[in-house]
Visitor: 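One structure follows; several queries about it will come next.
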Amino acid sequence: MDIPSKYAPEQVENKWYDYWMKHGFFRSVPDGREPYTIVIPPPNVTGVLHMGHMLNNTIQDVLVRRARMTGKNACWVPGTDHASIATEARVVAKLAQEGVKKSDLTREQFLEHAWDWTHKHGGIILEQLKKLGASCDWERTCFTMDDARSESVIKAFVDLYKKGLVYRGVRMVNWDPAAKTALSDEEVNYKEQQGKLYYLRYNIAPPSPPEGGGVRNTHDGYGYLTANAINYGLLKEHAQNMRKFSTVAESALWEMLRGKNLDEKFRRQHIIGDVIVDFVSLRHKLVIEVDGGYHNDPEIQKADKIRTEYLESHGYSVVRFTNEEVLENPDEVLGRIKERLAAPPSPPERGGVRNTHDEHGYLTANALNNEQILEKSDNAERGWLRTSPPSGGLGGAVIVATTRPETILGDTAVCINPNDPKTAHLKGKRVIVPIANREVPIIEDEYVDMEFGTGCLKVTPAHDVNDYMLGEKYNLESIDIFNDDGTLNKHGLQYEGMDRFEVRKQIEQDLIAAGLMEKVEPYVNNVGFSERTDVPIEPKLSMQWFLKMGEMAKPAFDAVMEDDVMFHPAKFKNTYRHWMENIKDWCISRQLWWGHRIPAYYLPEGGYVVAETPEKALAAAREKSGNPALRLQDLRQDDDCLDTWFSSWLWPLSVFDGINNPDNDEIKYYYPTNDLVTAPEIIFFWVARMIMAGYEYRNQRCFRNVYFTGIVRDKLGRKMSKSLGNSPDPIVLMNQYSADGVRMGMLLCSAAGNDILFDESQVEQGRNFCNKIWNAFRLVKGWESDARTAQPESSKTAILWFGNRLHSAIAEVNDHFEKFRISDALMTIYKLIWDDFCSWYLEIIKPAYQQPIDVQTLEATTDFFDRLMRLLHPFMPFLTEEIWQWLRQRKEGESIMVSDMPAVESFDNEILRKFDYVTEVIVAIRTQRAQRNILNKEAIELFIKKSNETQPSPFDSVIAKLCNISKIEYLDTKPENCIPFIVRSTEFFIPISKSVNKAEEIEKLTKELEYTKGFLTSVMQKLNNERFVNNAPEKVLESERKKKTDAEARILVIEEQIKALKS
RNA sequence: GGGAGCAUAGCUCAGCUGGUUCAGAGCAUCUGCCUUACAAGCAGAGGGCCGGCGGUUCGAAUCCGUCUGCUCCCACCA
């Protein structure tokens, strides 16, 4: 027999995967055994394997292989998903590269291209799974758009329609203008975008100018006065630096205000009336301003003075700091703030209140010298920096903040909060929409946040979800200003035909020119992006198909809450509950061609019918219209497709044809499935809906357990993604570290539900483990047995011990599996093999170099190895098969993957404990050897002080073997010329020729003594505490008493040794 | 804004209904070894106010408050 000196994973992996396939070990057909079923979460048919798949499918394979080895009829159904949006987007892109536009093709032509694409790129991922060792029943491979699955989808749709659960309705949907399709909420990613907040002027109609006119006090985005008060050019010149300085100092101050116990909460960047202040305590009416670094500038000082007066007139006191003060003397700054907080501000010196504002919030001439303002205003460079109100709206205007000024064309109201005193004067009035020049009402609703912007909200029911709800509530008109591709339609007036983002730029200019732009602030907001095309989504009213969720959700909700369907880890129950309690109807239509076309057929005279086939539709249409002459070509089928998830949610049913043939043998046998392994990201998309489908169609759960894996991240915690380039190619990894190594690397760091911080060192560890096992195998296989060789007592003892150890480990592994603690199960096996088997067991039984081994020991060892391989097989299928095949003579058709998982047997804990003690003794001897420079080659003698506790035992032979001890002797007296050492409370002695440094030994022992005495004291304290003795359970008391006697014995021994050394 | 969760060794994490699994594991680190299976290895070692502060208790990493910091989910404040 010729064993390669290196484990060659690639050949081994291919060899055994072919072997398994050839013998049909993955195949499952219903029989008398208990079934164990997993359906794969179908990956995108044209996708390639990434680390998430690796993790997910490794776990599934582990579960399936283990089930197969424990006598179950294990069935793992593979398949792929048509992924309508992603695939269609890719086909469109590919066609575009060839200069073909989708709009130039008919539906049939396009689908032909899509199928070509699918056949060309499809299924690669399944081939990659084979490399991983996935033991799927490949004969069952399904595709969400193959005939049986398509039929299931259509059948389900028609069925749900007939039950009244599918309906058609106008709804606000997430519109993807690039793909021209509606998206579900789950397909929208919100990203922070640096945008602008535009403050627009909606003039009140009819305008009523305030008496004496008014002067506007305008601020820039940082809270500084603009040209109304000071030279604009100066501001502009310094604006860059001001921002920078104020940000650093402000941030520092903000940290201070939050970090110190000031007995008060500060708000940051708060708006008081017209002024944005840096920090404010509303309770103490204290404003803190941090200067932008130009406090010596007279113009700035002037501006600050105006601001201060303004704030003080509103009852605020203002503390002003410079950047330098904040950054260099934070304590002093804090002190001053505390001081101000302690003493409430006194009223302004002059007393009295000046009426500095008119009813619309404009500064009046009282606020400052009017002439001065007018003079300064000549320097204003922009239209919006005007000092007088625009024509037509003298003072009578509402300022509305928006991030999307282009949507004003669809405005049909302005909304205020009825409880807001700031806007109370607007109640019942009407305003003029800028540009569009339409009059719209001011409505009142508590939805409006009084603190945000100006407390006024423009309402665009057609283009904002919340506005849509307001529109419903107050019966507002909806004006849809967009075409499907995101350009403006005829309601866009002069902007018709332009793209939405172009319009935004243009309308900004036009508003400024018209004097209707109050100000523009930089603003960070969340914008929804299409998951597939990555363009900003557009909330849009549109006619869509929906599936009612309310009734369906109930059994699915209960099933999870009552643990009929169990989530691992259970914390995801919370997430699930929250979603299910607030579930909304499911928009199931998509404006795509690649997918299952909605089987709704429109009649020429209006109305529609829903049917499984065009023929059935025709019959239904004839009946509905009362027109028997109706022909098939008179009917027009709905152009939309169904959401991809509308086929996936049937997956556990449809792969066994349970929708089309609910009574077939397969579905009856395999359903409900056992475990589902998936990512928590799709708990709503997929898991929840599958559970619903299960109850809807079989009134039964669709799986027992859901195991949620984590998201695979890189070492730095970033999600792995193509764009970051931080995702290793799994295939390359497998080539480098072997499939088994990668499988192990993935599992080692994957506690259920925790994200996985993937690091290549983990797969390296996996590879090293393969190598370790391979070498252990080479050792064992290299031994020659000889019937004449007697079995050493050490070997006999080791076999006794390891047998027990093995079973205690199997019990542990079983326990871990029951709790879905897969990485813990693997770790248990890892330690069992590396530490217990290789480092201890094999070292004990290893015969001297080139000496034969006795028959019994070799047999027992081979048997142990066999069992270890079976135990490990689900995790590392290839290596274990290779070794298992080598271990004994196997027949063609035998395989470890269809062998039996070692069952747990009872084990003797006493033996395990005894061995633990032995290992302590051995470690102590090794330490002594190392310290005294006694080489391992050099055999030594060992003396043990005789006592009640220490009797000669078979384990002595193990100590002798591993420590190269020539003789173990039990003595009543202390031997001469020996190094003493203590394990627990037993004294050991090693003879030594060299002299011992007594002082050093005494010092070591004295330290040890002190520690033990301290330990005893703490134990005694407990035992002398009456309340402890009275309240603690007997078990605890007992252990404390044992600690006491052990410590006392140990102290005695140490003291004796010290005495001996001193004599 | 609403909800959930996390904080334990340098890193990744265990630690269940308070007490022998109570301060742990793996990796990493350090020291000494090329000892004929394995240097991808062997033999040893060090390392922690269990996030802070209170409380309950005879006893708290564990239970309860609270503060701080982080993460995720939902909502999408214009």
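Lettering follows sequence order; numbering is per chain, from 1. Here the structure is a predicted model, which is why all the values come from computation and not from measurement.
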Visitor: Please state the C1' separation for the pair G55(B) and A28(B) - nearest whole angstrom.
Guide: 39 Å
Visitor: Using the side-chain hydrogen bond (donor to acceptor under 3.5 Å, both in side chains) rule, take R778(A) and N775(A) through it: C-alpha gap first, then chi angles, then the decisive distance, then the call.
Guide: CA-CA 5 Å; R778(A) 279 177 56 219; N775(A) 279 308; 2.8 Å; yes
Visitor: Whole angstroms only, please: what is the CD-P distance between E760(A) and A28(B)?
Guide: 14 Å
Visitor: Considering every strand and a 4.0 Å limit on heavy-atom distances, what is the contact class for R767(A): base, sugar-phosphate, or nothing?
Guide: base
Visitor: When we call it a touch if two heavy atoms are under 4.0 Å apart, what does Y830(A) touch: a base, just sugar-phosphate, or nothing?
Guide: sugar-phosphate
Visitor: Need the glycosidic conformation of U20(B): syn if within 90° of 0, anti if not. Which one?
Guide: syn
Visitor: Counting N and O atoms only, with roles assigned by atom type, does the side chain of K772(A) sit under 3.5 Å from a partner on the main chain of I833(A), one being a donor and the other an acceptor?
Guide: no
Visitor: Please measure how far the P atom in U36(B) lies from the corresponding atom in C42(B), and state the result in whole Å.
Guide: 14 Å
Visitor: When the distance from CG of L962(A) to C1' of A43(B) is rounded to whole Å, what number comes out?
Guide: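 Result: 12 Å.
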Visitor: Could you tell me how far apart K961(A) (NZ) and A43(B) (C1') are, to the nearest whole angstrom?
Guide: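 My rounded result for the distance is 17 Å.
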Visitor: Rounded to the nearest angstrom, tell me the gap between atom CD1 in I583(A) and atom P in A75(B).
Guide: 12 Å
Visitor: Contact class for C415(A) (heavy atom, under 4.0 Å): base, sugar-phosphate, or nothing?
Guide: nothing
Visitor: With nearest nucleotide decided by heavy atoms, which residue, E681(A) or A776(A), maps closer to the 5′ end of RNA chain B?
Guide: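 Its nearest nucleotide lies further toward 5', so the answer is A776(A).
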Visitor: Quick one: on RNA chain B, does I922(A) or Y447(A) contact a more 5' nucleotide (nearest heavy atom)?
Guide: I922(A)
Visitor: Nearest whole angstrom, please: distance from the C1' of A43(B) to the CD1 of I925(A).
Guide: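 After rounding, the gap between these two atoms is 14 Å.
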Visitor: Could you tell me how far C70(B) sits from C76(B) if I compare only their C1' atoms? Round to whole Å.
Guide: 23 Å
Visitor: Round to the nearest Å and state the distance from E764(A) atom CD to A28(B) atom C1'.
Guide: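 In whole Å, A28(B) C1' lies 12 Å from E764(A) CD.
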Visitor: What contact category does R821(A) fall into here, base, sugar-phosphate, or nothing, at under 4.0 angstrom with non-hydrogen atoms?
Guide: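 Touches sugar-phosphate only.
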Visitor: Any side-chain to backbone donor/acceptor pair from R743(A) onto L55(A)? Under 3.5 Å, distance only.
Guide: no
Visitor: For the residue pair E760(A) / Y737(A), report whether a side-chain donor-acceptor contact shorter than 3.5 Å exists.
Guide: yes
Visitor: Between W834(A) and C42(B), is there a side-chain N or O to OP1/OP2 distance below 4.0 Å?
Guide: yes
Visitor: Does the plane of the ring in W834(A) sit parallel, tilted or perpendicular to the ring in Y830(A)? Use 30° and 60° as the thresholds.
Guide: tilted
Visitor: Ignoring backbone atoms, establish whether K831(A) has a side-chain N or O less than 4.0 Å from OP1 or OP2 of G26(B).
Guide: no
Visitor: May I ask you to check if K573(A) and F567(A) form a cation-pi contact, with NZ or CZ under 6.0 angstrom from the six-membered ring centre and within 45° of the axis?
Guide: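 No, K573(A) and F567(A) do not form such a contact.
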Visitor: Heavy atoms under 4.0 Å, any strand shown: does K937(A) hit a base, just sugar-phosphate, or nothing?
Guide: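 The answer is nothing, as K937(A) stays clear of every strand by at least 4.0 Å.
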Visitor: Taking the P atom in each of A14(B) and G26(B), what is the distance between them to the nearest angstrom?
Guide: 16 Å
Visitor: Look at the side-chain N and O atoms of N768(A) and state whether any lies under 4.0 Å from the OP1 or OP2 oxygen of G41(B).
Guide: yes
Visitor: If we take the C1' atom in both C50(B) and A9(B), what is their distance in whole Å?
Guide: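 The answer is 11 Å between these two C1' atoms.
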Visitor: Between the base of A43(B) and the side chain of E843(A), is one N or O donor paired with an acceptor at under 3.5 angstrom?
Guide: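 In this structure, the two groups form no donor-acceptor pair.
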Visitor: Whole angstrom is fine here: how far is it from CD1 in I829(A) over to C1' in A25(B)?
Guide: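 Rounding to the nearest Å, CD1 of I829(A) and C1' of A25(B) are 16 Å apart.
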Visitor: When the ring planes of W840(A) and F915(A) are compared, do they come out parallel, tilted or perpendicular, using 30° and 60° as the limits?
Guide: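 Judged by the thresholds at 30° and 60°, the geometry between W840(A) and F915(A) is perpendicular.
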Visitor: Which part of the nucleic acid, if any, lies within contact of E1038(A), taking any heavy atom under 4.0 Å across all strands shown: a base, the sugar-phosphate backbone alone, or nothing?
Guide: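 The residue E1038(A) makes no contact with any strand.
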Visitor: What is the nucleic acid contact for D464(A), judged by heavy atoms within less than 4.0 Å: base, sugar-phosphate only, or nothing?
Guide: sugar-phosphate
Visitor: Across the strands shown, which category fits K772(A) at heavy-atom distances under 4.0 angstrom: base, sugar-phosphate, nothing?
Guide: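 Base, at least one base atom sits under 4.0 Å.
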Visitor: Can you tell which of G44(B), A37(B), G5(B) lies closest to the side chain of C838(A)?
Guide: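 The nucleotide sitting nearest to the side chain is A37(B).
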Visitor: Between the protein and nucleotides 55-61 of chain B, which nitrogen or oxygen pairs come in under 3.5 angstrom?
Guide:
unit_1	atom_1	unit_2	atom_2	d
C58(B)	O2'	N1025(A)	ND2	3.1

Visitor: Test side-chain hydrogen bond (donor to acceptor under 3.5 Å, both in side chains) on N417(A) and E444(A) and set out the steps.
Guide: CA-CA 5 Å; N417(A) 192 310; E444(A) 298 164 40; over 6 Å; no
Visitor: Would you say that V448(A) contacts D420(A) through its side chain, given a criterion of any heavy-atom pair below 4.5 Å between the two side chains?
Guide: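 Side chain of V448(A) against side chain of D420(A), heavy atoms only: no contact under 4.5 Å found.
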Visitor: Dot-bracket for RNA chain B, 5' to 3', counting Watson-Crick or G-U wobble pairs under 3.5 Å, with [ ] for crossing pairs and | for inter-strand pairs?
Guide: (((((((..((((.....[....)))).(((((.......))))).....(((((..]....))))))))))))....
Visitor: Would you indicate which nucleotide in A25(B), A75(B), C38(B) comes nearest to any side-chain atom of K584(A)?
Guide: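 Nucleotide nearest to K584(A)'s side chain: A75(B).
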Visitor: Using the C1' atom on both, measure G48(B) against C13(B) and round to a whole Å.
Guide: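 It comes out at 15 Å once rounded to the nearest Å.
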Visitor: May I ask you to decide if R1027(A)'s main-chain N or O and N1031(A)'s side chain share a donor-acceptor pair within less than 3.5 Å?
Guide: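 Yes; judged by distance alone, with no hydrogens or angles, the pair exists.
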Visitor: Nearest of G44(B), C27(B), A37(B) to any side-chain atom of V923(A)?
Guide: G44(B)
Visitor: NA contact type, K1043(A), heavy-atom cut-off 4.0 Å: base, sugar-phosphate, or nothing?
Guide: base
Visitor: Side chains of Y202(A) and D411(A): is there a donor and an acceptor less than 3.5 Å apart?
Guide: yes
Visitor: For atom C1', what is the distance between U20(B) and U62(B), given to the nearest Å?
Guide: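 After rounding to an integer number of Å, I get 16 Å for this pair.
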Visitor: Taking the P atom in each of C58(B) and G52(B), what is the distance between them to the nearest angstrom?
Guide: 24 Å
Visitor: What is the nucleic acid contact for S839(A), judged by heavy atoms within less than 4.0 Å: base, sugar-phosphate only, or nothing?
Guide: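 Since only primed, P, OP1 and OP2 atoms lie under 4.0 Å of S839(A), the category is sugar-phosphate.
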Visitor: Quickly, which of F864(A), F777(A), F865(A) forms a ring-ring contact (aromatic ring centres under 6.0 Å, His included) with F837(A)? Name it, please.
Guide: F865(A)
Visitor: Starting at atom CZ of F777(A), determine the distance to atom P of A37(B), rounded to an integer number of angstrom.
Guide: 15 Å
Visitor: At 4.0 Å (heavy atoms only), tell me whether V780(A) reaches a base, stays on the sugar-phosphate, or touches nothing.
Guide: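 No contact.
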Visitor: So what does W783(A) touch, heavy atoms closer than 4.0 Å: a base, only the sugar-phosphate, or nothing?
Guide: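 No contact.
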Visitor: Answer with yes or no whether the side chains of T861(A) and Y841(A) bring together a donor and an acceptor at under 3.5 Å.
Guide: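 There is such a pair between these side chains.
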